[in-house]
Amino acid sequence: MTYLAKPKFHHPSLPKNEIGFTRRDYEASTSTLCAGCGHDSISASIIEACFELSIEPHRVAKISGIGCSSKTPDYFLGASHGFNSVHGRMPSVLTGANLANRELIYLGVSGDGDSASIGFGQFAHSVRRAVNMTYIVENNGVYGLTKGQFSATADRGSKSKKGALNSDSSIDLVAIALQLGATFVARSFSGDKGQLVPLIKAAIAHKGAAFIDVISPCIAFNNHAGSTKSLDYVREHNEAVNALDIMVGRDPITVNYAPGKVAAVTQHDGSVLNLRKLNDEYDPHDRLAAMNFLQRHAAQGQIVTGLLYVEADADDLHSNLDTVETPLNQLDTAALCPGASALDKINASLR
């Protein structure tokens, strides 16, 4: 985490939302991620979404795990609640907090390593239990903090920074979320703010488990071995006079394309992502059709983006467990500890 504070100066002409907050009120510390990292674009989209929804920052609880992605909650909503948990344990921490206080808005921020590997089980159970949350995976396919090893979402046959081929099959978290019963499932691209901001707004407004997989290029460890502009190529053809290790900042990748179209987006390493945006005729209320659509286009090498599935009248964990609506910290002693007679009654009902 960084503790670099941004200047507090607010220009008086900054636009305000319905509750009188500017976008600056939804920002936080200065990012220390690599310049051009897609994760910063996701943070900007979260800021924009909360600003447009006129959410009071103190009503948000942002919870993360470990990794580049899980650093990002320090870069948005500085006046909200935050908890940086251990690797892969974000979902269980979020579930506990949600059960204790349902009045907050829960943002779970994770990465492909955090959710598809060590936290895969926690991801699965939080989704199938319908925890009321917006679960965002910032998916770059590599372990950026540990120098770019393949993560579980890296496509089979893709190359690492060292040129090694990934021989393992990949995990598609969107397909898994659909299968597990998530009632809001979407995928987007960090550089497509026009699509991502509305998705985040809709996910926050959704009651139940809302999952968004955001493809977010890692500018540091997704260089293509065949590129003459890649760090690998330069190192192999350079006569070094000393030992240097420098990461050059690059511009964020952005894309703007129409619904129903396919866009070929060239990454910093020269590789190409084929993004297909769902068209206006797509029906996001058919789970089975969504799974088929996703797999059919994946077989064609296309990454489908947009809202894949939504269940309008979904229940959440509180509905399923019939929990008390009042946050636990607002209950008095009598409500929290009803006494031995109440316990005897419960025990009797179980015999």
Side-chain angles (χ1 to χ4, degrees), residues 42 45-46 49-50 53 55 59-65 69-70 73 81 83 85 88-112 114-139 152-153 171-188 196 198-214 284-291 293-294 304-323 325:
I42 299 173
S45 293
I46 293 173
C50 292
L53 288 173
I55 293 174
R59 292 189 55 230
V60 176
K62 50 184 184 180
I63 300 171
S64 61
S69 62
S70 294
H81 306 276
F83 193 97
S85 67
R89 270 58 178 177
M90 178 276 286
S92 59
V93 175
L94 188 152
T95 300
N98 189 295
L99 285 171
N101 187 350
R102 62 163 70 183
E103 291 186 348
L104 296 178
I105 298 169
Y106 290 90
L107 293 180
V109 180
S110 185
D112 40 295
D114 199 52
S115 284
S117 290
I118 191 171
F120 193 42
Q122 297 233 342
F123 156 73
H125 291 293
S126 66
V127 169
R128 77 179 184 84
R129 286 170 177 156
V131 178
N132 189 13
M133 61 182 174
T134 297
Y135 192 132
I136 298 175
V137 167
E138 302 181 352
N139 188 350
T153 64
I171 292 176
D172 188 334
L173 291 172
V174 166
I176 298 296
L178 284 168
Q179 186 176 25
L180 290 170
T183 50
F184 183 106
V185 182
R187 172 173 278 150
S188 190
L196 183 55
L199 284 176
I200 294 173
K201 292 169 65 178
I204 291 174
H206 180 75
K207 179 185 178 184
F211 176 73
I212 306 177
D213 180 47
V214 187
H285 301 97
D286 188 332
R287 184 184 298 275
L288 181 58
M291 297 172 73
F293 189 88
L294 182 71
V304 178
T305 67
L307 177 59
L308 284 156
Y309 176 75
V310 63
E311 187 175 322
D313 300 319
D315 289 329
D316 72 344
L317 183 62
H318 288 284
S319 301
N320 297 334
L321 296 181
D322 193 23
T323 60
E325 292 188 4

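As the structure is a prediction and not an experimental result, all values here were calculated from the model.
- Counting heavy atoms from C-beta outward, I55 and I204 have side chains that approach closer than 4.5 Å.
- Judged by distance alone, the side chain of Y106 and the main-chain N or O of V131 form no donor-acceptor pair under 3.5 Å.
- In this pair, F184 and H206 present their aromatic rings tilted. The plane angle is within the 30 to 60° band.
- The backbone N or O of E311 sits nowhere less than 3.5 Å from a side-chain atom of T183 that would complete a donor-acceptor pair.
- Between the side chain of R89 and the backbone N or O of Q122, no donor-acceptor pair lies under 3.5 Å.
- Rounding to the nearest 0.5 angstrom, the gap separating the CG atom in N132 from the OG1 atom in T95 is 11.0 Å.
- A distance of 16.0 Å separates CZ of F123 from CD1 of I118, quoted to the nearest 0.5 Å.
- Of the inter-residue distances, the one linking D286 atom CG with M291 atom CE reads 11.0 Å to the nearest 0.5 angstrom.
- In terms of heavy-atom proximity, P73 sits nearest to V109 at CG-CB, 4.0 Å.
- Between T153 and D213, the closest side-chain pair of non-hydrogen atoms is not below 4.5 Å.
- Between R187 and V214, every side-chain heavy-atom pair lies at or beyond the 4.5 Å cut-off.
- Screening D172, L178, L180 for a side-chain contact (heavy atoms from CB on, under 4.5 Å) involving I176 leaves a single residue, L180.
- What you find for A97 and I63 is that their closest heavy atoms are CB-CD1, 4.3 Å.
- Other residues, nucleotides and ligands place no more than 12 heavy atoms under 6.0 Å from the CG atom of D313.
- Here the NE2 atom belonging to H81 is positioned 5.0 Å from the CG atom belonging to L104, to the nearest 0.5 angstrom.
- Taking both residues in full, the closest heavy atoms of G88 and D114 are given as N-OD1, 2.6 Å, listed atom of the first, atom of the second, then distance.
- From L53, atom CG reaches atom CD1 of I105 across 8.0 Å, with rounding to the nearest 0.5 Å.
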Run the numbers on V174 and L294 for side-chain contact (heavy atoms from CB on, under 4.5 Å), then give the verdict.
CA-CA 9 Å; V174 166; L294 182 71; 3.7 Å; yes

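- The closest donor-acceptor contact from the side chain of S115 to the backbone of D112 lies at 3.5 Å or more, if one exists at all.
- For the residue pair M90 and S110, the shortest heavy atom distance occurs at CE-CB, 3.9 Å.
- No hydrogens or angles considered: a donor-acceptor pair under 3.5 Å links the side chains of D316 and S319.
- Summarising the geometry, atom CD1 belonging to I212 is positioned 9.5 Å from atom CD1 belonging to I42; distances are rounded to the nearest 0.5 Å.
- The two residues S70 and G65 have their closest heavy-atom pair at OG-N, 2.9 Å.
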